[in-house]
*Asks:* 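My structure is below; once you've seen it, I'll send some questions.
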Amino acid sequence: MITGKNCIAGEFSANGEVEFKTINPKLNKENPTTFVEVTKEEIEKAVDAAWDAFKVYRSVPGKQRAAFLNAIADEIQALDQELIDTYTKESGLPEGRAIGERGRTMNQLRSFAKLVETEDWRSNTFDAAEPDRKPMPKEDLRKTMIPLGPVAVFGASNFPLAYSTAGGDTASALAAGCPVIVKSHPMHAGTSELVASAIVKAVEKTGMPKGVFSSINGGIQAGVDLVNHPKVKAVGFTGSITGGRALFDIAAKREEPIPVFAEMGSINPVIITPDAISKRGGEIAKTYAGSITLGTGQFCTNPGLLLTIKNDHTEGFIAELAKETIALDPQCMLHPNIKSGYEKKEADVTSQSGVEVVGKVDADLEPNYAASAVATVSGREFLANPKLHQEVFGPFSLVVQCKDDAELLQIIEGLEGQLTGTLIAEENDTINLIEVVDALQNRVGRIIYNGVPTGVEVCPSMQHGGPYPASTDSRFTAVGVHAINRWVRPVSYQSFPQSLLPEHLKG
Ligand code: NAP
């Protein structure tokens, strides 16, 4: 049962006075549970408990941490239909998506469990002593990775399970040996509380210290207090550029600055060559209409920018793309605020000089349903106007018609950092694909060839993160097992006796 309380180191408490409710966006009405925002004292208690737990949890053997992560996955499964129903009522997303995302969340937990069963993930390195080396002897040196400390995780609005309470950030931090304090996303506080209760059960079943996990309800101030707390040592965030950047700046201004791994906005450029358009424009239009509208466009990998070089086939292709896009049934957005944000940004982009709306759903929609749209603009106008480079979070894409290869390259080189870049081309394409790939790889974290950017495989070779503002540190990924590297730091042991070395550095 959902209580509306905060989960502070295994205890559910509600000492605050500020209350809120989540919204069912499909029905456009509040859900019944009243949630209570966390107090400063409760935050203090959660962080103190996390700090105490860290002293124990950081040394818990990998096999036991793995058992804990697997137990969380089992307990999430055991929440069964209550979790699925709460998820759909708080997000407007369909049941199939809820079930798929639950599976992804459990798989992530299990893949981190598998990773930490052995100590190989720590990239341990050994340099044997050379006492007779001249002119100076060489010391015995052994390097490993150790956890940073308590991590604050901000739940993502667009992934109520896979990037929220027990999502990728939490799973990777717990795997690394870091306690976690989640600030649940206020749009799906009930989903978050259910998952928090699953984690609490897993803590009890596997004998982990209670402070290893807490989850709080709160607004902006609660997040700021958490990031400012001296015992919090790192932050994981998925959301807007404004939010991620604000938290990054707060963390940098602390007496002891800490890393913020924020995954933020991206327009995910897709370059479609004239050859590809003339040979299979119809097929590309259909595929991209599906990608632009997938999940009502509420994916960080949504293709918001299509780049082409103008020729005789371009206009027909754009008309076809618009026709296919608006032919798809309009879908509900996550929340009234996300819907109004979409409308505002879509209007902001489409009202700019030179932008033509080629197609937009024109029907009486339910309150939180989004009107998908496709617009076009010339390469020259796009280059001249930074407003056209902003993310429109929703089912929208802007098609830029470049006058030639040089203008296309100039646009790619001038783009802000992106999570993904896609190249749709023919094998013997007439444009210089090597130049395009070279320019694109400098701006993105993942390059896709003849595919769509939506759909992020969870596997070790996945890179989900890119140059700023796609993320705050392009050297790390938020998806796949390498995400654990965000929460650890290297430490070298020099000339240590075997008895004082960590178990995995002995020998
Ligand atoms: P958000 O506004 O960035 O909020 C995410 C979390 O950060 C929330 O818990 C929020 O708290 C907190 N937060 C925001 N600004 C903060 C600040 N200045 N200081 C401390 N905490 C702060 O993202 P959202 O609610 O998910 O959606 C808003 C917009 O973000 C969307 O319309 C979309 O444009 C963009 N977005 C992009 C992506 C992407 O993947 N590219 C994903 C999600 C959202 P409160 O809720 O209490 O304010």
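We count ligands from 1, going down the list as the structure has it; atoms in each ligand are counted the same way.
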*Asks:* With a cutoff of 4.0 Å, is Glu391 in contact with ligand 1, counting heavy atoms of the residue only?
*Replies:*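 A heavy atom of Glu391 does come that close to ligand 1.
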
*Asks:* Closer than 4.0 Å to some heavy atom of Leu247 - which atoms of ligand 1 meet that?
*Replies:*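 Counting from 1, the qualifying ligand atoms are 19 (N), 20 (C), 21 (N).
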
*Asks:* May I ask whether Ala156 has any heavy atom positioned less than 4.0 angstrom from an atom of ligand 1?
*Replies:*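 So Ala156 does not count as touching ligand 1.
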
*Asks:* Counting heavy atoms only, which part of Lys183 comes closer than 4.0 Å to ligand 1: side chain, backbone, both or neither?
*Replies:*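 For Lys183, the contact with ligand 1 is made by the side chain alone.
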
*Asks:* Tell me whether Gly223 reaches ligand 1 (any heavy atom closer than 4.0 angstrom to a ligand atom).
*Replies:*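 Judged by the 4.0 Å heavy-atom criterion, Gly223 does not count as contacting ligand 1.
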
*Asks:* Can you give the donor-acceptor pairs under 3.5 Å from side chains of residues 8-20 to other protein atoms, not counting sequence neighbours?
*Replies:*
residue	atom	partner	partner atom	Å
Glu11	OE2	Lys210	NZ	3.3
Ser13	OG	Glu42	OE2	2.6

*Asks:* For ligand 1, which part of Ile220 has a heavy atom less than 4.0 Å away: the side chain, the backbone, both, or neither?
*Replies:*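 It is both backbone and side chain that touch ligand 1.
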
*Asks:* Side chain, backbone, both or neither: which applies to Ala246 and ligand 1 if a contact is any heavy-atom pair less than 4.0 Å apart?
*Replies:*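 For Ala246, only side-chain atoms sit under 4.0 Å from ligand 1.
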
*Asks:* I'd like to know if Phe299 contacts ligand 1, where contact means a heavy-atom distance under 4.0 Å to any ligand atom.
*Replies:*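 No, Phe299 has no heavy atoms under 4.0 Å from ligand 1.
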
*Asks:* For Phe476 together with Phe261, are the ring centres under 6.0 Å from each other?
*Replies:*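 They qualify: ring centres under 6.0 Å apart.
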
*Asks:* Taking heavy atoms and a distance under 4.0 Å, where does Pro186 meet ligand 1: side chain, backbone, both or neither?
*Replies:*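 For Pro186, only side-chain atoms sit under 4.0 Å from ligand 1.
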
*Asks:* Kindly list each side-chain donor-acceptor pair under 3.5 angstrom involving residues 480-489, sequence neighbours excluded, with atom names and distances?
*Replies:*
residue	atom	partner	partner atom	Å
His482	ND1	Pro460	O	3.2
Asn485	ND2	His482	O	3.3
Arg486	NE	Ala483	O	3.0
Arg486	NH1	Asp169	OD1	3.0
Arg486	NH2	Asp169	OD1	3.0
Arg486	NH2	Ser172	OG	3.1
Trp487	NE1	Ser172	OG	2.9

*Asks:* Is Gly341 near ligand 1, meaning one of its heavy atoms is under 4.0 Å from it?
*Replies:*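 No, that is not the case, since the closest heavy atom of the residue is not under 4.0 Å from the ligand.
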
*Asks:* Would you say the rings of Phe68 and Phe213 are close, in the sense that their centroids are separated by under 6.0 Å?
*Replies:*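 No: the rings miss the under 6.0 Å criterion.
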
*Asks:* Can a cation-pi geometry be assigned to Arg104 and Phe159, taking NZ or CZ under 6.0 Å from the six-membered ring centre and within 45° of the ring axis?
*Replies:*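 Yes, a cation-pi geometry.
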
*Asks:* Give the atoms of ligand 1, by number and element, whose distance to some non-hydrogen atom of Gly265 is under 4.0 Å.
*Replies:*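 Taking each heavy atom of Gly265 in turn, ligand 1 has 41 (N) under 4.0 Å.
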
*Asks:* Using the side chain to side chain contact (heavy atoms under 4.5 Å, CB included) definition, which of the options Asn302, Asn158, Thr296 pairs with Phe393?
*Replies:*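 Of the listed options, the one satisfying the test is Asn158.
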
